[in-house]
Amino acid sequence: QLQLVESGGGLVQPGGSLRLSCAASGFTLDYYAIGWFRQAPGKEREGVSCISGRAGSTNYADSVKGRFTISRDNAKNTVYLQMNSLKPEDTAVYYCAARATVQAMCAMTLQYYYWGQGTQVTVSS
């Protein structure tokens with residue numbers, strides 16, 4: 001069965017860093033796009049970043065561009081989200097999600113069929 005498990009969340013001070021992990025099982029990353037999404041209390045879920053399958057092309061929301069980096073380790077079947085220069089407005093539950101694709105580029109506006117359980121990120125003094 002296809003499963004995604006997020007980890008790495010926690011409490012960090014503004015300006016700090018965290019690295020989130022999304023461990024995939026039941027499939028390999030080659031033909032799946034992986035997206036990171038987040039949802040803060042009282043707000044709509046928003047796309048943060050995504051990475052395509054074989055090509056490894058990436059996209060970022062304007063709010064995180066230059067601060068966050070998405071990457072993958074195919075040997076470990078894991079996708080990472082490195083988050084630097086964290087701000088209080090980054091506080092949210094972060095989810096990773098997967099969709100099958102053969103396209104070279106990923107898009108966060110498309111439907112993602114498989115979702116992890118989420119990991120809490122809190123940025124506060």
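Residues: numbered from 1 along the sequence shown. In what follows, every heavy atom counts, from backbone to side chain, and hydrogens, waters and symmetry copies are set aside.
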Asker: Which heavy atom of A23 sits nearest a heavy atom of T78, and at what distance?
Answerer: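 Between these two residues, the closest heavy atoms are CA-OG1, 4.0 Å.
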
Asker: Can F68 be reached from V123 by stepping across I, L, V, M, F, W or Y side chains whose heavy atoms are under 4.5 Å apart?
Answerer: yes

Asker: Taking all non-hydrogen atoms of both residues, which atom of I34 and which atom of A98 are closest, and how far apart?
Answerer: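 For I34 versus A98, the nearest heavy atoms are CD1-CB, 3.5 Å.
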
Asker: Which pair of heavy atoms, one from G47 and one from A61, lies closest together, and at what distance?
Answerer: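 Heavy-atom minimum between the residues: O-CB, 3.5 Å.
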
Asker: Quick one, T91 with Q120, criterion side-chain contact (heavy atoms from CB on, under 4.5 Å). Give me CA distance, side-chain angles, the key distance, then yes/no.
Answerer: CA-CA 8 Å; T91 296; Q120 176 70 49; 4.1 Å; yes

Asker: Given the rule that I, L, V, M, F, W and Y join up when any side-chain heavy atoms are under 4.5 Å apart, are L29 and Y80 in one cluster?
Answerer: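 Cluster IDs for L29 and Y80 differ.
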
Asker: Under a single-linkage definition using a 4.5 Å side-chain heavy-atom cutoff for Ile, Leu, Val, Met, Phe, Trp and Tyr, are M83 and I51 assigned to the same hydrophobic cluster?
Answerer: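 Yes, M83 and I51 fall within the same hydrophobic cluster.
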
Asker: With a 4.5 Å heavy-atom cut-off, do I70 and Y60 have their side chains touching?
Answerer: yes

Asker: As an exercise, state the distance from CG of D90 to CG of L18, rounded to the nearest 0.5 Å.
Answerer: 10.0 Å

Asker: Checking side chain to side chain contact (heavy atoms under 4.5 Å, CB included) against Y95, which of W36, Y112, W115 comes through?
Answerer: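 Testing Y95 for a side chain to side chain contact (heavy atoms under 4.5 Å, CB included) against W36, Y112, W115 leaves exactly one candidate, W115.
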
Asker: Compare every heavy atom of A107 with every heavy atom of C50, then report the nearest pair and how far apart it is.
Answerer: SG-N, 3.8 Å

Asker: R67 and S85: side-chain contact (heavy atoms from CB on, under 4.5 Å), yes or no, with the steps?
Answerer: CA-CA 6 Å; R67 300 188 297 121; S85 302; 4.0 Å; yes

Asker: Do F37 and V48 sit in the same hydrophobic cluster, where Ile, Leu, Val, Met, Phe, Trp and Tyr count as joined when their side-chain heavy atoms come under 4.5 Å apart?
Answerer: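 No, F37 and V48 fall in different hydrophobic clusters.
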
Asker: Which residue in the set R38, Q39, M108 passes side chain to side chain contact (heavy atoms under 4.5 Å, CB included) when paired with E46?
Answerer: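 Only one option passes, and that is R38.
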
Asker: Measure the SG-CD distance between C96 and E6 for me, rounded to the nearest 0.5 Å.
Answerer: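 Here the rounded value is 4.0 Å.
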
Asker: S52 vs T101, test: side-chain contact (heavy atoms from CB on, under 4.5 Å). Steps then yes/no.
Answerer: CA-CA 8 Å; S52 66; T101 181; 5.6 Å; no

Asker: Going from OG on S25 to CD on Q3, what distance comes out if it is rounded to the nearest 0.5 angstrom?
Answerer: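 Reported value, rounded in 0.5 Å steps: 4.5 Å.
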
Asker: So which heavy atom on S57 is nearest to which on C106, and how close?
Answerer: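 Minimum heavy-atom separation between S57 and C106: O-SG, 3.9 Å.
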
Asker: Between R99 and L110, does a side-chain contact (heavy atoms from CB on, under 4.5 Å) hold up when you go through it step by step?
Answerer: CA-CA 9 Å; R99 68 184 307 272; L110 298 177; 3.6 Å; yes

Asker: Less than 4.5 Å apart, side chain to side chain, heavy atoms only: is that true for Y32 and L2?
Answerer: yes

Asker: Strictly by modelled atom types, are N84 and S17 linked by a side-chain donor-acceptor pair under 3.5 Å?
Answerer: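 N84 vs S17: donor-acceptor pair found between side chains.
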
Asker: Give a yes or no on whether the ring-centroid distance for Y114 and F27 is below 6.0 angstrom.
Answerer: no

Asker: Counting distance only, does the side-chain N/O of S49 pair as donor-acceptor with the main-chain N or O of N59 below 3.5 Å?
Answerer: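 Pair found, side chain donor or acceptor close to backbone of N59.
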
Asker: Kindly work out whether a path of hydrophobic side-chain contacts (I/L/V/M/F/W/Y, heavy atoms less than 4.5 Å apart) joins Y94 to V12.
Answerer: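 Linked within one cluster.
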
Asker: Are V5 and Q117 side-chain neighbours, meaning at least one heavy-atom pair lies under 4.5 Å?
Answerer: yes

Asker: For the pair T119 (side chain) and G9 (backbone), establish whether a donor and an acceptor sit closer than 3.5 Å, ignoring hydrogens and angles.
Answerer: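 Checking the backbone N and O of G9 against the side chain of T119, a donor-acceptor pair under 3.5 Å is found.
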
Asker: Rounded to the nearest 0.5 Å, what separation is found between the CG atom of L11 and the OG atom of S124?
Answerer: 6.5 Å

Asker: Using a strict cut-off of less than 4.0 Å between a Lys/Arg side-chain nitrogen and an Asp/Glu carboxylate oxygen, indicate whether D62 and K65 qualify as a salt bridge.
Answerer: yes

Asker: If only atom types and distance count, is the side chain of Q13 paired as donor or acceptor with the main-chain N or O of S125 below 3.5 Å?
Answerer: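 Not confirmed, Q13 side chain does not pair with S125 backbone.
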
Asker: Should L81 and T69 count as side-chain neighbours, where that means a heavy-atom distance under 4.5 Å?
Answerer: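 Counting from C-beta outward, L81 and T69 never come under 4.5 Å.
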
